[in-house]
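Every chain is numbered from 1, with letters handed out A, B, ... down the list of sequences.
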Amino acid sequence: MTRNTGAPEAPDSTDAAYTELPMPDTLSIHSGQLPRQATLMTVVFAAAIGAVGGLILGAGPTVIVLLAWAIFLVALTTWSTIVEGRRKGTDRLVNAMVWSTFVIAMLPLLSLLWTVITKGGPVLTPDFLSRDMTGFAALGQGGGIYHAIMGTIMVTGIAAIIAIPVGVFTAIYLVEYGAASRLAKMITFLVDVMTGIPSIVSGLFAISLFIVITGDPLPRLGIGGGVALALLMIPTVVRSVEEMLKLVPDDLREASYALGVPKWRTIVKVVLPTAVAGIVTGITLAIARVAGETAPLLLIVGTFPSANWNPFDGAVQTLPVYIYTSLNGTTDPKYGDIWTDRVWGAALVLIIIVMALNLIARIIGNIFAPKTGR
Amino acid sequence: MAKSIDVKDLDIYYGDFLAVQGVNVHIKARSVTAFIGPSGCGKSTVLRSLNRMHEVIPGARVEGKVVVDGQSLYGAGVDPVAVRRQIGMVFQRPNPFPTMSIYENVLAGNRLNARKMKKSEADTIVEKSLRGANLWNEVKDRLSKPGMGLSGGQQQRLCIARAIAVEPEVLLMDEPCSALDPISTSAVEDLIHELKSDYTIVIVTHNMQQAARVSDDTGFFNLKAVGEPGHLVEFNPTTKVFSNPEEPATEAYISGRFG
Ligand SMILES: Nc1ncnc2c1ncn2[C@@H]1O[C@H](COP(=O)(O)OP(=O)(O)O)[C@@H](O)[C@H]1O
Ligand SMILES: [Mg+2]
């Protein structure tokens, strides 16, 4: 305490109050502690007991794991409560539960990745990636998914071209212009409803739209797939961009207005750049979500054995639909194996594309994030 | 370039809510005018109506007249954007643009309006404005660093530099020091003293000592009663307001007996 009052010797009432505070009889800030490896030790202990118990009961591995898990929770909590006290014991219990749920959530994902990679990995030869299925459909060898990869990229690209401007401008209207107006509320409601559209219905919409446009009773068009996917993408884009724009503080808008900057320039030069990281991430994730969509594409783009770059004419092969149709071949008594390989290979490529999009979203997010410079 | 402001019978609304009623004031050119008064009596509201920032809030509107150098701000055909280019504003919380460097922040008023200028001209404006805001020496070696990386006081002076870079006629400041420490506050107050020779300054402050230190004229705002609109109780030269106020309410407020 460094004070510089005129009279240093003057009795300081605050200080006096401090010294008169009654000290507690025992100031206990120490408590027991489990050894550093306690969790690991308990895991081993629980696993051993679980295994032995399970074998005695003649139970299968699932029961053994569950048994060991229950023993682990009880043992660790009891041990900790006895040695460290109730608060720490509860902490360990909750901690263990959180980790357990995390593992449960990760298991299917890892198992899925593992299966697809081990089964699909060997299939991914340069040939498989650079060839299409022309003339190979009925053969027991060869062929590839080049056409399906390109089809997926094209159809998803069309969807993005349609959905991004519509979604971004809708979000800008909702946040910057609509405020609490009736129209904005209605749009928000409709967007929410759109989020719930089953994908097959969006495919039906696209197909009926193009029946009207082309007059063909069963149109097969790449652009139709783009429209169907865009329909699924728009609500996601609107929602995520809207959230990001709302995060931009009003202070910044006012700072810009106060400099005599018109509203539209404020939006373009201040609001959007401030939110761009989140916007780009949201859009990329929306693209990733629809890239694996199957049902609407099955209806409107159909299948085709080779690459079709013309979205306005004829069927286009896409990865999800390729996987779906190839599945029929896997039961073939003679060529079942090769079809199975093709399915796994295509599935792996689809996962890689979606993961790459996710990764790109993260990288872009980092690049554009506002710099704090500390 | 500084200009005087005349406010006549100004009523300010938020939707149907009358926030401030019947303000009449003459703000002299090249002087500092302070608005003091308890929280919620409408100081910020009046300030924001002086450069048409008030109407940025949905439903907000104004009745009455604000005349700057003979021109009515709320007249027909007046472009609020043009008004704001002439009458700059500094806010309570420092708000530099997070996506921009210090250099770009100072130039924001020009760049955002897509004014083309040469690099040398831009450099001159940046240096002049930062010097004007007493910030040049602290940041001259890191102009390309983000504006958000500065301390609170520096950020506020950066915002002042940004506001004077567009060379406005009038500078409005809404509690510019309330988020700052005493040292930064005194830096900003020194700055206000210097800016007075070129600009008409209106400053809202909670701090009566600050009003007494920096201003030439002081306006005291208060609520007529709880639940009633705010109004201007007294407007006089600062020395008079603080030594010999006309109204008993002013006397009570500055002597700390209420508010
Ligand atoms: N955005 C707003 N919407 C509605 N009422 C507001 C808004 N801002 C301020 N008010 C009201 O206007 C009155 C004056 O507020 P303000 O000008 O911020 O006071 P001061 O700056 O003197 O503290 C207060 O009653 C306040 O509740
Ligand atoms: Mg205020």
Side-chain angles (χ1 to χ4, degrees), chain A residues 2 4 172-188 241-242 244-281 364-374, chain B residues 47-48 50-59 79-102 104-115 142 144-151 158-159 162-168 171-174:
Chain A
T2 53
N4 229 346
I172 290 178
Y173 171 77
L174 288 178
V175 178
E176 304 291 335
Y177 292 93
S181 72
R182 274 274 252 333
L183 180 61
K185 279 200 193 112
M186 223 163 71
I187 293 177
T188 308
V241 175
E242 197 186 348
M244 289 305 138
L245 293 182
K246 277 188 190 154
L247 284 182
V248 176
D250 273 340
D251 289 6
L252 295 182
R253 296 186 180 90
E254 296 208 331
S256 176
Y257 296 150
L259 289 168
V261 181
K263 183 163 187 167
W264 70 272
R265 271 190 179 284
T266 302
I267 294 169
V268 175
K269 301 253 182 150
V270 175
V271 178
L272 289 180
T274 308
V276 71
I279 292 176
V280 175
T281 311
I364 291 176
N366 278 338
I367 293 174
F368 283 122
K371 305 142 193 91
T372 54
R374 295 209 195 240
Chain B
L47 195 73
R48 290 165 61 93
L50 298 184
N51 71 339
R52 298 197 60 169
M53 280 295 286
H54 179 61
E55 64 208 53
V56 167
I57 295 160
D79 180 7
V81 170
V83 170
R84 293 178 203 137
R85 278 180 204 163
Q86 314 272 321
I87 306 181
M89 189 157 198
V90 175
F91 297 83
Q92 181 168 357
R93 262 187 300 166
N95 51 4
F97 296 119
T99 50
M100 300 184 191
S101 68
I102 295 172
E104 291 164 335
N105 257 292
V106 177
L107 282 182
N110 294 304
R111 288 269 168 88
L112 291 180
N113 281 315
R115 236 194 78 197
R142 45 170 171 157
S144 59
K145 293 271 158 52
M148 296 293 277
L150 299 173
S151 77
L158 178 61
C159 293
R162 180 176 72 187
I164 60 181
V166 290
E167 310 203 320
L171 201 55
L172 308 175
M173 300 180 153
D174 191 355

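No other option in Ala114(B), Ala165(B), Pro58(B), Cys159(B) has as many heavy-atom pairs under 4.5 Å with chain A as Ala114(B). Per-residue heavy-atom pair counts under 4.5 Å with chain A were compared for Arg48(B), Met100(B), Gln92(B), and the maximum is reached by Arg48(B).
Using a 4.5 Å cut-off between heavy atoms, Pro96(B) touches chain A through its backbone atoms (N, CA, C, O) alone. At a 4.5 Å heavy-atom cutoff, Thr266(A) makes no contact with chain B through either its backbone or its side chain. Neither the backbone nor the side chain of Leu172(B) comes within contact range of chain A; no heavy atoms are under 4.5 Å apart.
Closest approach of Arg84(B) to Tyr257(A), counting heavy atoms only: CD-O, 3.0 Å. Closest approach of Pro262(A) to Arg85(B), counting heavy atoms only: CD-NH2, 4.0 Å. A pairwise comparison of heavy atoms in Met53(B) and Ala258(A) identifies SD-N, 3.9 Å as the closest pair. Contact detail for Leu252(A) and Phe97(B): the closest heavy-atom pair is O-CE2, 3.5 Å. Listed here is the closest heavy atom pair of Pro98(B) and Thr274(A): CG-CG2, 3.8 Å. Across all their heavy atoms, Asn113(B) and Leu259(A) have their closest contact at ND2-O, 3.7 Å.
Under the 4.5 Å side-chain criterion, counting only non-hydrogen atoms from C-beta, Asn95(B) is not in contact with Pro249(A).
Atom CG of Leu112(B) and atom NZ of Lys269(A) lie 6.5 Å apart (nearest 0.5 Å).
Within 6.0 Å of CZ in Arg93(B) there are 12 or fewer heavy atoms belonging to other residues, nucleotides or ligands.
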